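Scroll down for the structure; my scribbles are underneath it.
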Amino acid sequence: MEKNMPNSMKYLLGSTAFTISLIVGSAMATTPTGPGFNDTGDILARSAEHTDIEYDIMVQRATQAAIHYMPAVAQVDFIKATVRAGGNYDTVNFVTRPFGSEKGFLTANDTTAYAWGSISAKDGPMVVEVPPMSDKIDYFGSFISAWHVPMVDVGSKGADEGNGGKYLFIPPEYDNEFGTAAELEEQGYIIVPNFDTHDASFSFRPTLLNGATHAEAGEHAKGIKIYSLEEAVSGEIEPTHYLDATELDYDCLPYYNMTFIEDINDVVQNNPVREKDRAIYSMLQSIGIKKDEPFEPTEMQKKAALEGLELAYSYMQKKFVTEGETVAPLWVKDGEKLSEWSFWNFGPQAKLGFPFEDGEEILIDKRAASYFYVTFLPNKLGGATFYLTGLRDSDGNMLNGEDTYKLNVPADVPAKDFWSAIVYNMETKNFNRGVDRVGASTKDLDNMVKNDDGSVDLYYAPNLDEVPDGYEANWVTTESATDANDWFFLFRLYRLESADWFKTWMLGDVENISK
């Protein structure tokens with residue numbers, strides 16, 4: 001056939017084949033050949049030196065599993081904490097006063113009476129009914145998936161626009177038994193987008209209006225209702241269970257022991273294995289985790305899992321304190337830092353809604369580094385709140401639990417609602433346990449001694465034995481109930497005065513005054 005082709009056609013086919021070979025060649029690495037091609041570097045002998053290879057692989061896979069599942073563990077710990085407190089899935093937790101040191105939450109604040117809870121759509125679609133804002137309370141918060149991905153926000157800045165709404169969670173395997181998503185949306189349900197798991201959680205921060213109290217915020221939480229779509233269709237809706245956690249030692253912190261590995265197993269058992277997680281899920285069998293099978297790890301698997309988990313924690317901690325990784329300097333001029341205060345370095349994820357994905361890549365390290373110290377990021381990060389992170393004093397040294405520090409807070413903080421400066425334990429990323437006050441804020445101003453210019457000096461000390469009379473409200477202890485007394489700040493600004501506030505205002509550094 002080829003001999004009957006025109007020459008032009010033969011040339012075209014030949015040049016095309018040559019071009020394809022160039023393309024393929026440029027996309028592939030080639031193995032060098034020649035006299036040294038058979039030089040293996042004694043890989044067989046060197047590999048034989050690894051005498052405990054099965055254990056070593058377990059450690060590696062446990063490390064990667066801990067990093068990959070970190071956001072999901074932070075979510076499932078909310079469910080487990082509710083169960084320990086006497087609730088379960090579908091329970092609405094609430095408090096009638098802000099959190100204190102008796103609560104175990106990753107970098108929560110001590111100024112808000114939150115409402116929170118979790119659901120499971122394993123047995124079918126679920127509804128969470130959010131009450132409309134009142135003249136007293138508006139909600140700001142989000143629903144997150146089992147992987148901590150914020151799916152939709154609520155309240156006046158959310159999908160219901162303050163009118164309240166019935167948020168419908170349709171699991172991936174739903175067969176349209178009660179109608180299609182489009183039909184259900186026509187009936188008034190707000191379809192929660194990108195719901196690819198069974199578990200979901202919510203945390204709503206009440207905004208107090210017109211002199212409202214935290215107790216009124218707690219009452220508003222009783223307007224949240226949770227029920228199945230099947231109940232809604234039948235008209236037989238069971239009452240929602242409410243749990244007043246105000247006086248409870250509610251603890252949803254992740255702990256870096258075998259409970260963390262058990263949490264990973266619970267995520268696997270209670271949710272679909274998504275396509276994007278199949279590779280890492282396959283590795284979990286090395287440490288005894290397999291879907292639909294009991295978690296009964298061997299002693300060697302437990303030992304390897306804990307060693308891998310320790311390595312994962314070490315990696316995340318390094319990212320947390322390394323400048324430019326998890327947090328980055330906020331005030332910089334001509335490449336030089338003007339301040340030791342940092343901002344949360346999410347990059348473009350804030351605008352994207354925190355999927356922690358970029359094209360074909362899952363940002364595993366960046367995602368884990370974020371959920372190592374925070375929870376419940378919103379789907380749409382607005383300009384209402386800003387968090388400054390303080391890890392170092394004015395000399396660039398890490399804050400420690402032995403020295404005393406001073407922070408001057410100017411009178412003109414660009415926050416219309418209030419500011420707060422809270423101490424967090426470096427080990428747990430939670431409040432220091434067992435202390436009367438975990439921080440200072442605008443709410444304490446009336447009791448503080450002020451400077452002539454209206455500013456206040458706050459003092460952070462390992463103990464409060466030498467506080468001058470009358471200065472009690474100006475002092476906060478950094479004492480910790482753990483052996484790790486190192487700590488860090490979050491300085492929050494609520495309802496900022498402008499989008500570019502940081503261009504005209506700067507918070508001074510923390511000074512170590514023990515010197």
Side-chain angles (χ1 to χ4, degrees), residues 68-79 82 88-92 115-130 139 141-155 157-161 164-204 224-233 240 266-278 281 291 349 352-357 362-363 367 371 375-381:
H68 187 87
Y69 278 84
M70 195 163 290
V73 165
Q75 192 270 357
V76 80
D77 279 332
F78 278 92
I79 302 169
T82 298
N88 210 318
Y89 286 105
D90 308 343
T91 295
V92 175
W116 70 98
S118 303
I119 66 165
S120 172
K122 200 171 188 177
D123 296 328
M126 293 293 296
V127 180
V128 179
E129 193 171 328
V130 177
Y139 272 147
S142 309
F143 290 107
I144 64 170
S145 74
W147 284 91
H148 233 106
V149 176
M151 297 175 291
V152 64
D153 297 334
V154 307
K157 302 294 183 182
D160 62 86
E161 298 180 340
K166 299 176 180 180
Y167 288 81
L168 179 59
F169 297 77
I170 301 177
E173 67 277 10
Y174 176 63
D175 60 2
N176 297 329
E177 178 183 0
F178 304 110
T180 65
E183 291 169 342
L184 291 165
E185 191 171 28
E186 287 180 0
Q187 295 175 32
Y189 291 103
I190 299 173
I191 309 299
V192 176
N194 304 317
F195 183 49
D196 57 1
T197 59
H198 287 150
D199 287 352
S201 293
F202 63 88
S203 180
F204 302 155
I224 303 170
K225 296 180 175 61
I226 302 176
Y227 47 88
S228 68
L229 180 59
E230 183 177 8
E231 289 177 89
V233 171
T240 299
D266 286 330
V267 174
V268 169
Q269 303 306 334
N270 296 333
N271 295 280
V273 177
R274 306 178 304 174
E275 185 70 24
K276 65 183 75 174
D277 303 314
R278 288 180 63 193
Y281 164 69
K291 194 166 182 65
Q349 289 304 304
L352 297 174
F354 298 104
F356 287 101
E357 296 183 22
I362 299 176
L363 305 176
R367 180 179 69 179
Y371 290 113
T375 55
F376 282 102
L377 292 169
N379 182 252
K380 295 180 181 178
L381 188 64

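Since this is a predicted model, take the numbers as computed values, not measurements. In what follows, residues are counted from 1 in the order of the sequence shown. Reckoned from all heavy atoms, side chains included, excluding hydrogens, waters and symmetry mates.
Glu173 is linked by a side-chain contact (heavy atoms from CB on, under 4.5 Å) to Pro171, His198, counting only residues two or more places apart in sequence or in another chain. Under the ring-ring contact (aromatic ring centres under 6.0 Å, His included) criterion, Phe169 pairs with Phe143, Phe195, not counting sequence neighbours. Lys276 meets the side-chain hydrogen bond (donor to acceptor under 3.5 Å, both in side chains) test with Glu357; sequence neighbours excluded. Listed by chain and residue number, Arg274 satisfy the side-chain hydrogen bond (donor to acceptor under 3.5 Å, both in side chains) test with Asp196 (two or more places apart in sequence, or in another chain). When the side-chain contact (heavy atoms from CB on, under 4.5 Å) test is applied to Asp123, no partner is found at least two apart in sequence or on another chain. With sequence neighbours left out, Trp116 forms a side-chain hydrogen bond (donor to acceptor under 3.5 Å, both in side chains) with Tyr250. Residues satisfying the ring-ring contact (aromatic ring centres under 6.0 Å, His included) criterion with Tyr371, sequence neighbours excluded, are His148, Phe356. In this structure, Ser203 has no side-chain hydrogen bond (donor to acceptor under 3.5 Å, both in side chains) partners at least two apart in sequence or on a different chain. For Phe78, the ring-ring contact (aromatic ring centres under 6.0 Å, His included) partners at least two apart in sequence or on another chain are Phe105, Phe376. When the side-chain contact (heavy atoms from CB on, under 4.5 Å) test is applied to Asn270, the partners found at least two apart in sequence or on another chain are Tyr89, Lys122, Asp199, Asp266.
Side-chain N or O atoms of Asp160 include one that pairs as donor or acceptor with a backbone N or O of Gly155 at under 3.5 Å. Panel note: side chain Asp153, backbone Pro378; no donor-acceptor pair is recorded below 3.5 Å.
Nearest approach of Pro150 to Asn379, heavy atoms of both residues: O-ND2, 3.0 Å.
Note: Tyr174 OH to Thr180 OG1 = 7.5 Å, rounded to the nearest 0.5 Å. Annotation: the span from Ile119 atom CD1 to Ile79 atom CD1 amounts to 9.5 Å, rounded to 0.5 Å.
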Just list the side-chain donor-acceptor pairs under 3.5 Å for residues 184-193, sequence neighbours left out, or say none.
none

Side-chain polar contacts of residues 224-232 - donor-acceptor pairs under 3.5 angstrom, sequence neighbours left out - could you list them?
from   : atom 1 : to     : atom 2 : distance (Å)
Tyr227 : OH     : Glu129 : OE1    : 2.7
Ser228 : OG     : Glu231 : N      : 3.0
Ser228 : OG     : Glu231 : OE2    : 3.2
Glu231 : OE1    : Glu238 : N      : 2.7
Glu231 : OE2    : Ser228 : N      : 2.9

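For CG of Asn194, the number of neighbouring non-hydrogen atoms (other residues, nucleotides, ligands) closer than 6.0 Å is 12 at most.
Within the 4.5 Å cutoff, the side chain of Gln349 has heavy atoms near those of the Leu352 side chain.
With 3.5 Å as the limit, one finds no donor-acceptor pair spanning the side chains of Asp277 and Tyr69.
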Where do His68 and Trp147 land on the side-chain contact (heavy atoms from CB on, under 4.5 Å) test, with the steps shown first?
CA-CA 10 Å; His68 187 87; Trp147 284 91; 3.5 Å; yes

